[in-house]
**Student:** 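Here it is: the structure, laid out below.
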Amino acid sequence: MKIFLIAGARPNFMKIAPIARAFDKHSKEISYKIIHTGQHYDPNMSDIFFQELNIRQPDYHLGAGGGTHAQQTAKIMTGFEEICQTDRPDLVMVVGDVNSTLACSIVAKKMQIKVAHVEAGLRSFDLSMPEEINRMVTDAISDIFFITEEQGMTNLLKEGKSKKQLHFVGHVMIDNLFFQLKKLEQMDTTIFPTNSFKQKHSKYGVVTLHRPSNVDNKPTLESIFSTLSTISESLPLIFPIHPRTRKNMKEFNIEPSKNIKLIEPLSYMEFLNLWKDAALALTDSGGLQEETTALGIPCLTIRENTERSIAIT
Ligand code: UD1
């Protein structure tokens, strides 16, 4: 069977790594190609993850880049359709809920190629969130559903999916977390520049923020920074900052207070080394909610809702 494995944005890379490892173990039955849509393109948002997570170089790179949602989605769809026309797979496997997930599943389905969705069935029921739209559309047309938590099963059954299509398999991202954690234990972590911050502060918090609902609006972002500033008086904070958030802080003239250390986005291993020993994670990320839950690190989710109910229960 020939499978196309799709990845485009940072949160996809840690999900495809363990899938590719599993495919490699079944190379007689499965041949696969990795398609990088290019949704994320900065080396520290993409290349470094391929290196550290030992993902082989993509077989195709669509170079989609940024732009509005429609521009980005359209570029991915056009590029991906061309590839499927000349090198048709039996199955397209998409992960998560980013624009690349949506774009490639629509193209595949319209070409009558089967679609498998990994991390299917999650719902925030908040349609102001672009990822919720991506999740709903992808699940509406997928053929095979790989589900990370029980709520995902419940949601998909309610939406009329047949039990035969649903596979409650746990979370590849958490498999990857434990795999990398073992590797981290063997590494010399003093090579990480953030090690000095860890040495200096026996207790600290880690922040990440990038949701449009938190960072695209000036009063909201100002108010979040004001709260972070208060927290940082008793708990120093370190904040690897997403390109979207950095751009908006500049535009809105927001300066962090002195106990909030802003740094560039980190590689998987350096970030893991930082948050696994944090007293608290403050985040609007989907993945980090689940990863901190898996390691028992308290996580304060800066959102009005979450599609990942397992992080609460
Ligand atoms: C995307 C995903 C989101 C995921 C997040 C993780 C969608 C709808 N959103 O949001 O679910 O949690 O990735 O990071 O797919 N940019 C760069 N360099 C990069 C990547 C982005 O400068 O490598 C800039 C873009 O040009 C754009 C902004 O950051 O201005 C946003 O990028 P985009 O891919 O549109 O969405 P994210 O906010 O990253």
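Ligands are counted one by one from 1 in listed order, and the atoms in each one are counted from 1 as well. Sequence positions, counted from 1, serve as the residue numbers for this chain.
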**Student:** What atoms of ligand 1 come within less than 4.0 Å of a heavy atom belonging to P11?
**Tutor:** 4 (C), 6 (C)
**Student:** With a 6.0 Å cut-off on the ring centroids, do H117 and F145 count as close?
**Tutor:** no
**Student:** What do you reckon, does H210 have a nitrogen or oxygen under 3.5 Å from a nitrogen or oxygen of ligand 1?
**Tutor:** yes
**Student:** Checking T190 against D188: is there a side-chain donor and acceptor pair closer than 3.5 Å?
**Tutor:** yes
**Student:** Taking the six-membered ring for Trp, is the centroid-to-centroid distance between F50 and H36 below 6.0 Å?
**Tutor:** yes
**Student:** Give the atoms of ligand 1, by number and element, whose distance to some non-hydrogen atom of H69 is under 4.0 Å.
**Tutor:** 8 (C)
**Student:** Report the part of P212 (side chain from C-beta onward, or backbone N, CA, C, O) that has a heavy atom under 4.0 Å from ligand 1; answer both or neither where that applies.
**Tutor:** neither
**Student:** Can you tell which of Q39, H40, E132 gets a heavy atom nearest to atom 13 (O) of ligand 1?
**Tutor:** H40
**Student:** What protein heavy atom lies closest to atom 8 (C) of ligand 1? Include the residue and the distance to one decimal.
**Tutor:** N99 OD1, 3.2 Å
**Student:** Can you pull out the closest protein heavy atom to atom 2 (C) of ligand 1? Residue, atom name and distance to 0.1 Å, please.
**Tutor:** V98 CG1, 3.7 Å
**Student:** In terms of relative ring orientation, are F239 and F225 parallel, tilted or perpendicular, with 30° and 60° separating the classes?
**Tutor:** parallel
**Student:** With heavy-atom distances below 4.0 Å as the criterion, list the atoms of ligand 1 near K247.
**Tutor:** 30 (O)
**Student:** Less than 4.0 Å from atom 27 (C) of ligand 1, is there any heavy atom belonging to the protein?
**Tutor:** no
**Student:** For ligand 1, is any non-hydrogen atom under 4.0 Å from E131's backbone (N, CA, C, O), its side chain (CB onward), both, or neither?
**Tutor:** side chain
**Student:** Consider every N or O of D42 and every N or O of ligand 1, then say whether any pair is closer than 3.5 Å.
**Tutor:** yes
**Student:** Consider only side-chain N and O atoms of D277 and Y204, and report whether a donor and an acceptor are under 3.5 Å apart.
**Tutor:** no
**Student:** Considering non-hydrogen atoms of the protein only, which is the closest contact for atom 25 (C) of ligand 1, and what is the distance?
**Tutor:** Y41 OH, 3.4 Å
**Student:** Do you know the tightest heavy-atom contact between I55 and F49?
**Tutor:** CD1-O, 4.3 Å
**Student:** Among all protein non-hydrogen atoms, which one is nearest to atom 31 (C) of ligand 1, and what is the separation to 0.1 Å?
**Tutor:** R244 NH1, 3.4 Å
**Student:** Any chance NZ of K2 has more than 12 other-residue heavy atoms, nucleotides or ligands included, within less than 6.0 Å?
**Tutor:** yes
**Student:** For atom CD of Q85, is the number of surrounding heavy atoms from other residues, nucleotides or ligands below 6.0 Å larger than 12?
**Tutor:** yes
**Student:** Looking only at protein heavy atoms, identify the closest one to atom 35 (O) of ligand 1 and say how far it is in Å.
**Tutor:** Q72 NE2, 3.7 Å
**Student:** Should we say atom CD of Q165 is surrounded by more than 12 heavy atoms from elsewhere, each under 6.0 Å from it?
**Tutor:** yes
